[in-house]
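Notes follow once the structure below has been shown.
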Amino acid sequence: MDHLEGLNIQQKQAVLHTEGPLLIVAGAGAGKTKTITHRIAHLIDKGIPARQILAVTFTNKAAGEMRERVRKLVPETSGMPIVSTFHALGVRLLREFHAEAGLPRGFSIWDRDDSVRAVKQALEKLGIENWTPRAILSGISREKGDGTSVSEYQAKARTFRERAVAQAWEIYEKLLKEEEALDFDDLLYRTLHMLRSSEHTRSLLQNRWKYITIDEYQDTNRSQYEIARILAGATCNICVVGDTDQNIYSWRGADIEHLLGFEDNFPGAQVVLLEQNYRSTSTILTAANSVIEKNVRRRPKRLFTENIVGEAITLYGARNEIDEAWFVAQSALKLVETGTSPSNIAVLYRENFQSRALEEALLHHNVPYRVLGTRFFERKEVKDTLSYLRAAMNDKNKIDIGRIISVPPRGIGKVTLDKVLAGDDAALPAAARAKVANFRDILVRIKHAINTLPASEAVRYAVEASGIENMYKNADDGEERLGNIRELVNLATKFDSDTCPEGMEKLLEEAALQSDQDQIKDEVSAVSLMTVHASKGLEFDAVFITGLEQGLFPSTREDEKRDPEEDRRLFYVALTRARKRLYLSYAAERMKYGSREYTLPSEFLEDIDARLMNTIAPSVRKRSLLDDDETYII
């Protein structure tokens with residue numbers, strides 16, 4: 001039983017429990033991925049066929065890491081279990097059982113930008129100009145995550161806004177249907193609807209996967225919870241892993257009650273607490289415990305570690321956001337100069353607007369950095385290429401056709417485009433009709449390439465046939481853009497061994513389902529700038545948590561659905577990203593939305609014992625706030 005080596009008592013207890021429901025409450029840095037993968041290895045060692053095991057998590061990065069660890073633990077002859085994200089699982093099932101789901105097998109998947117564009121169209125049709133499409137889409141997304149249909153929402157709509165949202169949603173759904181497309185939330189909503197309505201499919205899948213593991217269970221919304229519950233079936237061989245203290249997504253539908261009520265929903269469940277932290281110093285954990293203990297709605301636990309006490313936490317009270325950014329940049333530079341790799345340093349913030357001053361300071365001090373959220377698949381040249389591929393596979397995809405019909409420019413104007421999207425090519429003048437026919441011929445040829453060539457060669461063909469390659473050959477930034485397109489071709493090679501057109505389907509699915517964290521390249525040596533939300537699941541030797549001010553962190557934004565304890569959980573998540581060094585900072589005043597505001601330090605700082613912290617004050621300025629010679633006095 002080699003797979004039990006290196007596990008602590010609680011981890012072994014979780015690994016050895018194989019029958020019936022199991023809840024693993026895993027604190028930050030407590031080795032949950034190790035526990036999950038060793039448990040899967042133990043199931044296979046017991047003789048459970050790998051094909052009967054399903055493990056589900058939330059990001060491709062986490063699924064990839066879990067898959068690799070399992071591969072190293074089990075013999076090649078045993079095969080591999082399915083390790084997937086929830087959304088990728090939805091795609092897999094909806095393609096396999098498309099008839100039962102009432103879908104064409106080749107349905108398209110809209111990304112966030114596609115959905116925003118469609119909601120904007122819906123609002124324009126309704127003559128509504130004062131609401132932002134993203135806000136409306138967020139509301140629709142939350143309702144779908146709760147398993148609510150547009151008709152059910154219409155029935156309960158009471159206020160003027162709710163009725164208008166219902167109308168916009170109805171138009172939005174018609175656009176999806178016309179284009180044979182699903183949005184991100186449909187991948188879960190339609191999967192759940194299929195499992196509920198098709199007894200044959202439900203029974204088949206319950207027999208296919210006898211052992212189910214759900215990671216990050218505290219982040220499940222209603223649809224994800226129901227999908228997991230249905231798949232578990234009557235045997236209830238379901239293992240869920242989570243931590244109420246890391247529930248930070250209630251604003252997008254994650255329900256902490258799924259974890260708090262697990263034993264009620266799955267009677268007879270065994271509960272295992274993983275409280276030994278292998279990541280952080282004792283000082284950092286002591287601070288984190290003291291912060292999170294103030295919350296009431298949680299499963300009580302207290303992280304401990306056998307790691308060293310470590311350095312004191314650094315607390316800096318800055319004059320303003322520029323002063324704070326300069327402190328961060330100088331401190332990061334000193335860390336790099338004394339041997340810390342830039343890739344092991346993270347700068348976290350509550351709101352994206354905070355990154356501007358931080359970026360300027362890091363640039364000034366020549367500290368390499370990357371901003372998490374600049375996604376590869378959102379770059380224009382990459383999106384245009386993917387749109388050609390999607391439009392070729394699905395000629396009803398108006399969103400993609402509208403995007404690329406003039407990329408490169410073909411002399412097709414808005415009036416012509418409107419008629420094309422309305423399916424009224426015959427009404428076009430002869431010259432315009434010829435241009436549109438040429439465009440459609442390009443899509444036909446790309447579709448033929450997709451159906452006959454390996455995925456990477458089909459992408460290469462699409463770039464050439466569409467005219468994108470020639471368009472960028474002479475552009476000022478053309479080489480960089482062509483470099484990104486070549487990277488897309490490189491990515492496609494991993495699907496070359498799949499049959500046509502399944503390889504292309506998988507490439508397009510991966511592009512649509514990528515998360516921010518999936519963009520992290522471990523080989524890049526740069527300081528990571530990101531929101532605290534984006535940092536969840538990551539860890540760094542040194543972490544800076546900035547903007548610790550009342551009104552910013554914790555936020556005072558009014559939202560009736562906002563959990564008042566969530567910002568404290570968010571701060572706990574931020575603290576526990578740090579392995580060795582932790583820096584906290586706040587500003588006495590900060591520029592927000594064009595005006596300067598005076599601030600107070602965050603209430604969270606009062607929860608940390610002052611003896612755990614070294615407080616640093618800014619020195620007397622020699623010349624200006626941005627002076628290179630500025631230092632800080634402890």
Side-chain angles (χ1 to χ4, degrees), residues 283-284 287 310-371 526-532 535 540-553 571 574-575 577-592 596-602 604-605 608 610 612-634:
T283 296
I284 292 170
E311 296 182 9
I313 298 165
T314 299
L315 174 64
Y316 182 67
R319 289 185 173 86
N320 53 38
E321 74 277 4
I322 299 175
D323 183 17
E324 177 186 51
W326 238 245
F327 165 73
V328 170
Q330 288 187 338
S331 300
L333 181 60
K334 185 177 179 181
L335 286 169
V336 172
E337 290 174 343
T338 54
T340 301
S341 169
S343 61
N344 268 321
I345 303 172
V347 182
L348 310 183
Y349 36 82
R350 181 67 175 84
E351 302 286 353
N352 279 304
F353 76 84
Q354 295 173 248
S355 73
R356 185 196 59 80
L358 293 163
E359 287 187 67
E360 288 182 4
L362 290 166
L363 276 171
H364 186 88
H365 288 82
N366 294 315
V367 177
Y369 72 90
R370 58 186 173 185
V371 181
V527 174
S528 296
L529 273 66
M530 67 188 85
T531 63
V532 181
S535 74
F540 304 87
D541 282 349
V543 171
F544 294 82
I545 307 174
T546 62
L548 285 166
E549 299 134 30
Q550 288 296 110
L552 181 56
F553 200 0
F571 185 45
L575 293 171
R577 297 313 92 198
R579 287 192 285 251
K580 299 176 181 178
R581 295 181 177 89
L582 183 61
Y583 300 79
L584 311 178
S585 62
Y586 61 90
E589 58 179 76
R590 185 178 297 275
M591 183 71 77
K592 292 174 69 176
R596 190 154 290 284
E597 296 181 3
Y598 292 97
T599 67
L600 293 172
S602 170
F604 298 153
L605 295 173
I608 300 175
L612 298 175
M613 297 189 287
N614 274 341
T615 301
I616 296 181
S619 66
V620 176
R621 297 323 190 239
K622 293 180 180 178
R623 289 192 292 277
S624 72
L625 184 62
L626 306 187
D627 195 308
D628 283 337
D629 297 329
E630 183 174 320
T631 57
Y632 298 87
I633 298 174
I634 296 179

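No hydrogens, no waters, no symmetry mates; every other heavy atom, side chains included, goes into these values.
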Applying side chain to side chain contact (heavy atoms under 4.5 Å, CB included), run through Glu311 and Lys580 and close with a yes or a no. CA-CA 7 Å; Glu311 296 182 9; Lys580 299 176 181 178; over 6 Å; no
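- Listed by chain and residue number, Glu324 satisfy the side chain to side chain donor-acceptor pair (under 3.5 Å) test with Ser585 (two or more places apart in sequence, or in another chain).
- Here the CG-CD1 distance, from Leu582 to Ile545, works out to 5.0 Å after rounding to the nearest 0.5 Å.
- Atom CZ of Arg350 is separated from atom CD of Glu549 by 13.0 Å, given to the nearest 0.5 angstrom.
- Rounded to the nearest 0.5 Å, atoms CG (Leu348) and CE (Met530) are 6.5 Å apart.
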Item to complete: Test Leu552 against Thr599 for side chain to side chain contact (heavy atoms under 4.5 Å, CB included), laying out the working first.
Response: CA-CA 9 Å; Leu552 181 56; Thr599 67; over 6 Å; no
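- Considering CG of Asn614 and OH of Tyr583, their distance stands at 10.5 Å, rounded to 0.5 Å.
- When side chains are defined from C-beta on, Leu529 counts as touching Leu362, because their heavy atoms get closer than 4.5 Å.
- Across every non-hydrogen atom of Val367 and Ala332, the tightest pair is CG1-CB, 4.5 Å.
- Counting heavy atoms from C-beta outward, Val347 and Tyr369 have side chains that stay 4.5 Å or more apart.
- Minimum interatomic distance between Glu589 and Tyr598 (heavy atoms only, all atoms of both residues): OE1-CE2, 3.3 Å.
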- Query: side chain to side chain contact (heavy atoms under 4.5 Å, CB included) between Thr314 and Phe544: does it pass, once the steps are laid out?
  - Reply: CA-CA 9 Å; Thr314 299; Phe544 294 82; over 6 Å; no
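- Ring geometry for Phe604 against Phe553 counts as perpendicular: the plane angle is over 60°, on a 0 to 90° scale with 30° as the lower cut.
- In this structure, CZ in Phe571 is found 6.5 Å from OG in Ser602, a value given to the nearest 0.5 Å.
- Among all heavy-atom pairs drawn from Ala325 and Ala357, the shortest one is CB-O, 3.4 Å.
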Evaluate Ile608 against Leu584 for side chain to side chain contact (heavy atoms under 4.5 Å, CB included), listing each step before the verdict. CA-CA 11 Å; Ile608 300 175; Leu584 311 178; 4.0 Å; yes
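- In terms of heavy-atom proximity, Ala318 sits nearest to Tyr316 at CB-CE2, 3.4 Å.
- Taking both residues in full, the closest heavy atoms of Ser343 and Phe540 are given as O-CD2, 3.7 Å, listed atom of the first, atom of the second, then distance.
- When the ring pair (Phe, Tyr, Trp, His ring centres under 6.0 Å) test is applied to Tyr349, no partner is found at least two apart in sequence or on another chain.
- Residue His365 holds its NE2 atom at 13.0 Å from NZ of Lys334, rounded to the nearest 0.5 Å.
- Remark: side-chain polar atoms of Ser331 are not paired, donor with acceptor, to backbone N or O of Val328 under 3.5 angstrom.
- Shortest non-hydrogen contact noted between Gln354 and Thr546 is NE2-OG1, 3.5 Å.
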